[in-house]
Amino acid sequence: MAFITECLNPLSEQLLSVQQQLGIPVFTEPRAIRADAKTLFAPNIFNPDFFTPGTQAYSNQDKVTLGKRLFFEVILSGDGKRSCATCHNPSKAFTDGLPKSHAIKGGFLQRNAPTLLYAALQQSQFYDMRTAFLEDQARDVVENKNELHGSLSLAAKKLARDTSYIRLFQQAFPITFDSIQSFHIQNALATFIRSLMPFSSKFDRHMQGKQVMNQEEIEGFNLFMGKAKCGTCHFAPLFNGTVPPAFTSTESEVIGVPNDKKFTKVDSDQGRHQIFPISKFLHAFKTPTVRNVQLTAPYMHNGVFSTLEEVIDFYDQGGAAGRKMELNNQTLPAEPLSLTAEEKRKLILFLHTLTDEVKM
Ligand code: HEC
Ligand code: HEC
């Protein structure tokens with residue numbers, strides 16, 4: 001922490017300021033991180049439009065307003081009772097508090113509902129990385145028979161009966177608007193998700209020079225980046241699998257989440273292998289962000305862990321392989337971390353500093 005706040009951040013700010021004084025222009029081609037941000041921890045560092053399918057999908061405030069209304073809109077669902085917010089509740093950092101979400105006709109979905117905060121800043125979506133763009137993800141969810149079981153074209157017709165919606169679509173798509181099309185709905189929902197990156201946690205304020213983290217929280221950050229090795233997969237400052245320094249690709253990892261707390265076998269979900277059947281992807285899952293993890297229990301793709309203490313004990317013992325469960329391709333080192341009770345407590349105090357204070 002001292003290295004970042006006392007050396008790296010001041011150096012990065014000074015470099016930008018010298019560049020500006022000398023009149024050297026910053027690059028203008030679209031990149032995931034902005035050339036005119038002061039440091040890697042500045043609130044404007046990421047450019048979510050980099051992760052869109054093209055310029056016509058770029059963000060504007062009117063698309064966010066429309067997308068937010070659609071996010072809560074039950075017209076998108078086949079039974080007229082569900083919306084995105086049913087499983088992505090803003091008061092739980094856009095999760096639902098369940099190990100696995102309720103399917104529309106009873107039973108459960110295959111996986112746990114992830115947070116949507118910072119989800120835009122990933123090369124691909126879903127635990128198995130099956131979808132590249134949020135626009136495609138929106139179609140997948142609306143038309144999935146277990147999730148919303150609706151139809152975008154039918155929803156477009158129903159929305160067109162409401163003049164307040166027509167006005168919002170016209171404002172959001174001033175050039176291409178003629179009538180409400182599926183693409184407009186997909187892009188508005190995606191743009192709303194691209195707006196969900198408040199960078200307003202205690203950690204963010206600290207990294208922006210405000211000295212708000214206490215000594216134990218700072219030690220927790222140092223453990224996260226050091227002895228506990230969490231930062232080798234959950235990359236700062238997003239703490240997900242989007243890889244520095246370019247932040248253009250997102251990684252999956254094999255850690256061997258068990259099917260239950262008895263730790264006898266690895267969960268049967270094949271992860272990326274289901275989409276890409278090569279052996280190294282068996283049980284590989286996209287590394288999720290740990291921002292707002294205070295609000296997103298239960299944890300992992302199957303919701304097997306109820307508390308952060310359980311998550312950290314799992315890592316402390318070297319994942320599945322460290323517990324001698326059968327798993328040949330684990331990418332998490334199997335050696336125990338040998339964290340003390342005090343160290344585990346500080347790690348959790350640090351994780352709690354990643355909770356956003358601005359509610360979206
Ligand atoms: C029935 C519950 C449910 C509903 C309704 C729902 N989702 Fe999800 N959502 C999930 C689950 C479960 C996953 C994880 C699925 C997986 O990884 O295979 C998910 C994943 C996602 C992701 C991927 C995030 C990531 O980091 O990979 C996005 C984005 C998303 N949902 C947005 C939406 C939007 C937009 C809507 C409304 C159009 C919506 N969801 C409706 C349960 C739901
Ligand atoms: C080898 C890469 C790797 C390392 C090292 C690692 N993680 Fe993870 N982490 C992952 C992956 C992959 C997942 C998702 C696994 C799944 O759902 O099956 C995950 C999931 C999580 C989750 C659950 C998030 C949620 O919303 O469900 C938490 C919390 C977490 N990790 C914290 C940590 C901490 C704390 C450490 C350090 C002690 C750590 N991780 C080290 C790869 C890693």
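Residue numbers start at 1 and run along the sequence shown. Every number for a ligand or one of its atoms is a count from 1 in the order of the listing.
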Does a donor on one side chain sit under 3.5 Å from an acceptor on the other, for [X] and [Y]?
X      : Y      : answer
Thr131 : Gln125 : no
Ser201 : Asp356 : no
Asn240 : Thr287 : no
Glu73  : Tyr165 : yes
Arg272 : Ser252 : yes
Ser179 : Gln181 : yes
Gln21  : Ser17  : yes

Do any of the N/O/S atoms of Tyr315, backbone or side chain, fall under 2.8 Å from atom 8 (Fe) of ligand 2?
yes
Measuring to atom 8 (Fe) of ligand 2, does Cys233 have an N/O/S atom at a distance below 2.8 Å?
no
Going by an N to O cut-off under 4.0 Å, is there a salt bridge joining [X] and [Y]?
X      : Y      : value
Glu251 : Lys286 : no
Glu216 : Lys346 : no
Arg345 : Glu309 : no
Lys344 : Glu342 : no
Glu147 : Arg82  : no

Closer than 4.0 angstrom: is that true for some heavy atom of [X] and an atom of ligand 1?
X      : result
Leu134 : yes
Gln110 : no
Leu116 : yes

Side chain, backbone, both or neither: which applies to [X] and ligand 1 if a contact is any heavy-atom pair less than 4.0 Å apart?
X      : answer
Asp96  : neither
Cys84  : both
Val141 : side chain
Ile104 : neither
Arg130 : side chain

Tell me the protein heavy atom at minimum distance from [atom], and give that distance in Å.
atom                    : value
atom 25 (C) of ligand 1 : Lys286 NZ, 3.1 Å
atom 43 (C) of ligand 1 : Cys87 CB, 3.4 Å
atom 24 (C) of ligand 1 : Gln125 OE1, 3.3 Å
atom 28 (C) of ligand 1 : Gln137 NE2, 3.2 Å

Which of the atoms of ligand 2 are close to [X], meaning less than 4.0 Å from one of its heavy atoms?
X      : result
Thr232 : 5 (C)
Val290 : 28 (C), 29 (C), 30 (C), 32 (C)
Thr296 : 26 (O)
Lys229 : 5 (C)
Val257 : 16 (C), 18 (O)
His301 : 16 (C), 17 (O), 18 (O)
Val293 : 29 (C)

Atom CZ of residue position Phe276 - does it have more than 12 heavy atoms of other residues, nucleotides or ligands inside 6.0 Å?
no
Could you check whether the rings of Phe173 and Phe169 sit parallel, tilted or perpendicular, using 30° and 60° as the cut-offs?
parallel
Mind checking whether [X] has an N or O less than 3.5 Å away from an N or O of ligand 1?
X      : value
Arg111 : yes
Ser101 : no
His88  : yes

With no hydrogens and no angle check, is any side-chain donor or acceptor of Tyr58 less than 3.5 Å from a backbone partner on Thr52?
no
Going by distance only, is there an N or O of His234 that falls short of 3.5 Å from an N or O of ligand 2?
yes
Does even one non-hydrogen atom of Tyr127 get within less than 4.0 Å of ligand 2?
yes
Note: heavy atom closest to atom 38 (C) of ligand 2, options Pro114, Cys230, Pro298, Ser252, belongs to Cys230
Option set Ala113, Gly271, Ser77, Ser83, criterion heavy-atom distance to atom 11 (C) of ligand 1, minimum:
Ala113
Result for side chain to side chain donor-acceptor pair (under 3.5 Å) between Asp128 and one of Gln274, Arg111, His301 points to Arg111
